[in-house]
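Numbers here simply count residues along the sequence, with the first being 1.
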Amino acid sequence: MNRESITIQIGHRSIGAGQPVYIIAEACDNHFGSLSRAREMAHLAKLAGADAVKFQHHLPDEEMLPDVPVSDNFDIPLYEFLKENALKLEDHRDLKSYCESIGIQYLCTPFSFKAAQDLEAMGVEAFKIGSGEMADIPSLERIAAFGKPMIVSTGMCTPEEIERTYEVLCRRVPLALMNCVSEYPPVYEDINLGFIRTMTGQFPEAVIGHSDHTPDLVTCFAAVAFGAKLIEKHVTLDKRHPGPDQAVSIDFCELHDLVQGIRKVEAACGSAKHVHEKERKIREWAYRSIVSLVEIPKGTVLTQEMVWSKRPGTGIPSHEMERVIGCRAARSIRADEVISWNDIEEAQL
């Protein structure tokens, strides 16, 4: 399959080859269960220029045991946090409708098959799969049966696990794979953005993106330069507010900067080299021509001591120096004058 033609379609938006980078504002649980905060996050994501705002549908009893161990970035057990702060299904219905009304795509991550069933009943246009579920083949197969595009993050996994998931999904649904490191926040040396190019070559039927957990924007810009066609970034209303994703979230002013920066980076990622129209006027004065160093009487045979290169570039180009040396002045040439081909003639030996 031709990598240059690979795209997936989410609603009215085509993602992949030849398309603008698809930017996802990941609201995660930074709304802390408040529908009004979640709505505000969707609104601000739209104003910042993101293509989609993504939420998470948690049914704690479906996805984990109450005593599941968690990482150091959680102050309370994850099960308890989700019981207190997860959005309700009716909240997701409201958010999907609200996103449609303001013109931003609603995305959501189901953390169990039951959650995916709920989202399917709501009419979601795609499923975002988190890194923790990337290797859960039974659930992935069931979700793929809905026939919707799937965006799958690949943090904390091996290349072999990505390959297995890719083989299961690539011929069932339109697929995007997200380069990702599941550290909160990551060590920069662990990010390995070059793996985006590896994925692009190894998984030819998937669109490749990058899900970023750094506290700044730098690696997102670099990921676009490495070929990522989707960027996902955690967002928060207030970076001072404590929470499990606080250390990896940017605010909405930074999201605006991210969107604008990505648009500039992708505009700059062409591979052609030619003299651009805006360069031509600069080229006229910045390039160098052959110029007389001394007064040269008519009929004088030019020697190297008489001529050298100076700006502007409107005369004989300096790379023609060897052709000029040994010619005869066809007219008297003043010192410090740009020499043209009409000013010289081949010397008769």
Side-chain angles (χ1 to χ4, degrees), residues 23-45 48 50 52-60 63-64 68-88 91-92 95 99 104 106-112 115 128-134 151-157 178-188 190-191 209-220 223 230-259:
I23 301 170
I24 303 169
E26 162 63 293
C28 44
D29 293 303
N30 282 337
H31 45 69
F32 294 91
S34 167
L35 178 58
S36 62
R37 284 199 196 101
R39 275 173 154 254
E40 185 179 1
M41 295 178 84
H43 175 66
L44 292 175
V53 59
K54 191 187 76 64
F55 298 95
Q56 299 178 359
H57 184 26
H58 291 282
L59 301 171
E63 65 185 75
M64 69 179 67
V68 63
V70 295
S71 305
D72 293 338
N73 56 315
F74 285 89
D75 294 328
I76 64 173
L78 179 58
Y79 179 86
E80 292 180 21
F81 177 85
L82 294 176
K83 280 286 191 179
E84 293 178 12
N85 296 287
L87 293 168
K88 305 297 187 288
D91 297 331
H92 286 287
L95 286 169
C99 288
I104 189 170
Y106 165 93
L107 291 178
C108 194
T109 297
F111 283 86
S112 62
K128 168 66 203 307
I129 306 299
S131 295
E133 289 66 50
M134 192 280 305
I151 303 170
V152 182
S153 283
T154 61
M156 57 185 171
C157 67
M178 305 290 279
N179 178 60
C180 182
V181 176
S182 294
E183 300 175 9
Y184 298 84
V187 177
Y188 287 91
D190 290 350
I191 296 174
H210 176 70
S211 182
D212 195 85
H213 290 140
T214 66
D216 52 48
L217 311 181
V218 177
T219 48
C220 288
L230 307 89
I231 293 291
E232 180 183 48
K233 191 72 174 172
H234 285 58
V235 291
T236 182
L237 292 171
D238 188 346
K239 295 175 73 172
R240 297 168 298 179
H241 199 295
D245 295 299
Q246 186 267 351
V248 302
S249 298
I250 60 173
D251 63 30
F252 286 90
C253 289
E254 292 172 304
L255 179 64
H256 175 270
D257 293 342
L258 175 66
V259 172

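Between the NE2 atom of His57 and the NZ atom of Lys88 there is a distance of 11.0 Å, given to the nearest 0.5 Å. Put simply, OG on Ser153 and NE2 on His210 are 10.0 Å apart, with the number rounded to the nearest 0.5 Å. In this structure, OH on Tyr79 lies 10.0 Å from CD on Glu63, to the nearest 0.5 angstrom. Here CG of Leu237 is found 9.0 Å from OG of Ser34. Values are rounded to the nearest 0.5 Å. For the atom pair CG of Leu258 and SG of Cys220, the computed distance is 5.0 Å after rounding to the nearest 0.5 Å. Atoms CG and OG, on Asp238 and Ser249 in that order, are 11.0 Å from each other to the nearest 0.5 Å.
Looking at Pro185 and Val248, their side chains come closer than 4.5 Å, going by heavy atoms from C-beta outward. Residues His92 and Tyr106 meet the side-chain proximity criterion, which asks for heavy atoms closer than 4.5 Å. Looking at heavy atoms from C-beta onward, His213 lies in side-chain contact with His234 at the 4.5 angstrom threshold. Counting heavy atoms from C-beta on, the side chains of His31 and Asp91 never come closer than 4.5 Å. Leu95 has its side chain within reach of Leu35: a pair of non-hydrogen atoms, C-beta onward, lies under 4.5 Å apart.
For Gly155 against Ser131, the heavy-atom pair with the smallest separation is N-OG, 2.8 Å. Minimum heavy-atom separation, Cys99 to Val53: SG-CG1, 3.6 Å. Closest non-hydrogen pair, Pro215 versus Ile250, comes out as O-CG2, 4.0 Å. Considering every non-hydrogen atom in both Ile191 and Asn179, the closest pair reads O-ND2, 4.0 Å. Heavy atoms only, all atoms of each residue included: Ile104 and Ala50 are closest at CD1-O, 3.8 Å. Considering every non-hydrogen atom in both Met41 and Val235, the closest pair reads CE-O, 3.4 Å.
Here Glu232 pairs with Lys128 in a salt bridge; the nearest charged N to carboxylate O distance falls below 4.0 Å. In summary, Glu254 and Lys233 do not engage in a salt bridge, as defined by a charged side-chain N under 4.0 Å from a carboxylate O.
In this pair, Phe81 and Phe32 present their aromatic rings perpendicular. The plane angle is above 60°, beyond the 30 to 60° band.
For the salt bridge (charged side-chain N to carboxylate O under 4.0 Å, His left out) condition, the pairs that include at least one residue of residues 29-42, sequence neighbours left out, are Arg39-Asp94.
Evaluation of the side-chain hydrogen bond (donor to acceptor under 3.5 Å, both in side chains) rule for Thr236 yields no partner, not counting sequence neighbours.
Not a single donor-acceptor pair under 3.5 Å links the side chain of Asp212 to the backbone N or O of Ile231. Within the 3.5 Å criterion, the main-chain N or O of Lys239 finds a donor-acceptor partner in the side chain of Gln246.
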